[in-house]
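Each remark here refers to the structure printed beneath this line.
The figures here come from the full heavy-atom set of this structure, side chains too, leaving out hydrogens, waters and symmetry mates. Each chain gets a letter, A, B and so on, in the order its sequence line appears, and its residues count up from 1.
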Amino acid sequence: MTQKVRVRFAPSPTGPLHIGGVRTALFNYLFAKKHGGDFIIRIEDTDQTRYVDGAEEYIIEALNWLNIPANEGPVSGGNYGPYRQSERKDLYRKYADQLIESGNAYYAFDTSEALDAHRKNHEAEGKTFIYNWHNRLKLDNSLALSEAEVKAKLDSGEEYVIRFKTPQDETLPLTDIVRGAMKIDTNVLDDKVLFKGDGMPTYHLANIVDDHLMEITHVIRGEEWLPSLALHVLLYRAFGWDAPQFAHLPLLMKPVGKGKLSKRDGDKMGFPVFPLEWKTAEGDVFSGYREDGYLPEAVLNMLVFLGWNPGTEQEIFSLEELVAAFDLARVNKSGAKFDPEKTKWFQHHYLQEMDEGMLTAQFKKFLKDKGVTTAVDVSVIVPLLKERATFVQDLWEQGSFFFEAPSTYDEKASKKAFKEDTPEILQKVIELLQGIEDFTATTISDEVKGWITSNDIGFGKVMMPLRLALVGEMKGPDVFEISSILGKKEAVSRIEKAVNFMKQ
RNA sequence: GCUCCAUUAGCAUAGUGGCUAGUGCACCUCACUUUCUAUGAGGAGACAAGGGUUCGAUUCCCUUAUGGAGUACCA
């Protein structure tokens with residue numbers, strides 16, 4: 001029996017959770033649930049200078065909205081806490097020391113200024129400064145200095161960092177579930193800082209220690225971590241621990257042009273890149289899927305197909321179906337361009353599937369928020385409008401005329417529809433409507449159509465101006481449905497208004 | 001620059017050593033709705049390039065090109 005699957009999503013609370021991060025969380029969630037495992041959230045806040053207020057709450061709320069909550073985390077708790085690295089601070093030091101004792105790490109006293117200077121000099125010569133085997137003995141660290149010198153520096157309280165002593169002359173084989181086998185020459189790696197001058201570990205140390213302590217079995221993360229994989233594997237080895245399995249997910253790219261999707265792309269191109277709306281301290285607002293009216297099911301379905309597919313032709317998946325179908329082996333290797341149009345298609349689909357009573361309730365709320373009061377039965381018009389709606393707000397877009405009589409007539413359409421003989425025709429229609437007792441769509445339709453054919457008038461001459469009179473534009477459902485819902489009195493009044501408008 | 005990763009139509013992708021290379025979005029046409037949507041039916045559109053290996057390569061190998069990531073006392 002293998003051990004229980006435990007995966008973690010480890011965001012850094014430096015701002016709102018990017019949609020790419022949401023996908024990483026989703027894949028972690030699906031993998032965990034598929035294998036009956038646990039999904040853990042861990043806040044990686046080892047960089048205190050980049051901490052942003054509210055970011056952590058945002059992350060949790062976003063996952064809850066999408067219905068993919070964690071089993072363990074800073075809010076839900078668990079047996080492996082604390083789940084914030086800042087609260088685990090005291091823990092890391094001893095592991096860094098352990099590495100020094102075993103000869104896998106060393107103290108380095110080089111100041112940031114000195115290292116920056118080295119980098120600048122190298123850059124000027126077109127070279128890259130790497131802190132590793134080829135120069136570590138020439139720099140200011142415990143490998144180059146005598147024991148007494150090191151002790152003196154340490155005792156005097158001089159600031160230092162702890163660096164990993166990357167092994168030399170080794171071809172390290174790496175395995176990734178998505179990419180398969182890779183290998184890297186350890187000589188190109190640098191001696192990464194594991195423990196910072198401020199007493200905090202870097203991501204690299206903290207993530208290995210925590211993943212080990214939290215008994216993480218699979219690390220599923222973005223491709224931007226692939227270059228760090230060698231270091232991480234080496235760290236597990238240095239500690240003598242079993243490494244988890246790794247899976248690096250392809251990046252999400254902008255819809256057009258080059259480069260990865262960034263937070264500024266969204267509002268520039270008219271789609272959200274965040275699950276929830278986010279307001280910065282400076283007052284900038286980034287739109288979110290939730291506030292834009294997307295359903296969580298649509299966002300999830302869209303997201304899961306970015307970099308994964310089931311290998312069948314099924315495209316619509318409920319969360320349960322995703323859990324059943326998901327497989328890391330079917331994750332793609334190359335970056336996926338984000339397609340906002342496809343998102344809308346999913347959204348349209350899920351809106352159609354939504355319970356009609358629920359949709360009506362949401363639309364009623366929308367109307368209330370807008371301050372619209374009406375005698376019209378909203379539950380009657382929702383089914384009429386819904387198939388052409390992608391968002392709840394589209395119902396208003398499509399059917400506002402049910403609640404407000406048109407005050408103007410679409411210019412282009414009225415040129416086409418309002419002709420010289422139109423007032424006369426509409427006047428006849430008014431008389432016709434007045435005479436209908438059973439004011440239902442079918443009866444009105446029969447009466448009007450019958451009248452048109454028997455008088456040989458031509459449908460266009462009647463239907464177009466009639467629609468324009470009732471709606472104000474060339475849109476909306478069947479004109480007779482509209483007439484019926486508006487009621488005789490209102491329908492007649494709108495037609496009269498149009499007649500008067502034309503007479504001016 | 002260096003290291004690692006990738007490359008099927010505008011986008012997301014399926015797939016195979018030999019088939020008309022499949023699907024969805026978007027696009028075009030028609031039908032329906034005498035409007036606009038939605039829907040239905042059709043249609044156009046792809047294996048980055050060049051070398052190998054092979055009886056045969058989109059599929060395997062190499063090179064090039066393009067794209068991406070990393071290259072911090074950030075995650």
Point to revise | Note: A/Asp190-A/Arg163 ion pair, threshold 4.0 Å (strictly below) | key: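 Looking at A/Arg163 together with A/Asp190, the answer is no, because their closest N to O distance does not fall below 4.0 Å.
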Assigned partner base of [N], Watson-Crick or wobble definition, under 3.5 Å:
N     : value
B/G42 : B/C28
B/U71 : B/G1
B/U7  : B/A65
B/U53 : none
B/U58 : none

Which part of the nucleic acid does [X] contact within heavy-atom distance under 4.0 Å: base, sugar-phosphate only, or nothing?
X        : value
A/His348 : sugar-phosphate
A/Arg221 : nothing
A/Gly307 : sugar-phosphate
A/Lys333 : sugar-phosphate
A/Pro11  : nothing
A/Asp190 : nothing

Enumerate, atom names and distances included, each donor-acceptor pair closer than 3.5 Å involving a side-chain atom of residues 466-473 of chain A, sequence neighbours excluded.
| from | atom 1 | to | atom 2 | distance (Å) |
| --- | --- | --- | --- | --- |
| A/Arg467 | NH1 | A/Lys475 | O | 2.6 |
| A/Arg467 | NH1 | A/Gly476 | O | 3.2 |
| A/Arg467 | NH1 | A/Pro477 | O | 3.1 |
| A/Arg467 | NH2 | A/Pro477 | O | 3.1 |

In whole angstrom, give the distance that lies between atom [atom1] of [X] and atom [atom2] of [N].
X        : N     : atom1 : atom2 : value
A/Phe338 : B/A12 : CZ    : P     : 12 Å
A/Lys192 : B/G70 : NZ    : P     : 12 Å
A/Trp345 : B/U13 : CH2   : P     : 15 Å
A/Glu123 : B/A72 : CD    : C1'   : 13 Å
A/Lys344 : B/U37 : NZ    : P     : 15 Å

Review point. Any N or O donor-acceptor pair linking the side chain of A/Ser228 to the base of B/G70 at under 3.5 Å?
Key: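 Result: no qualifying N/O pair found.
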Check your understanding: So, A/Phe27 versus A/Trp308, ring centres under 6.0 angstrom or not?
Key ->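 Ring centres of A/Trp308 and A/Phe27 not closer than 6.0 Å.
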Exercise for review: Assess the side chains of A/Tyr106 and A/Asp191: does a donor N or O sit below 3.5 Å from an acceptor N or O?
Suggested key: yes
Check your understanding: Has A/Ser12 got a side-chain N or O lying under 4.0 Å from the OP1 or OP2 atom of B/C74?
Key ->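 For A/Ser12, the contact criterion (side-chain N or O under 4.0 Å from OP1 or OP2 of B/C74) is not met.
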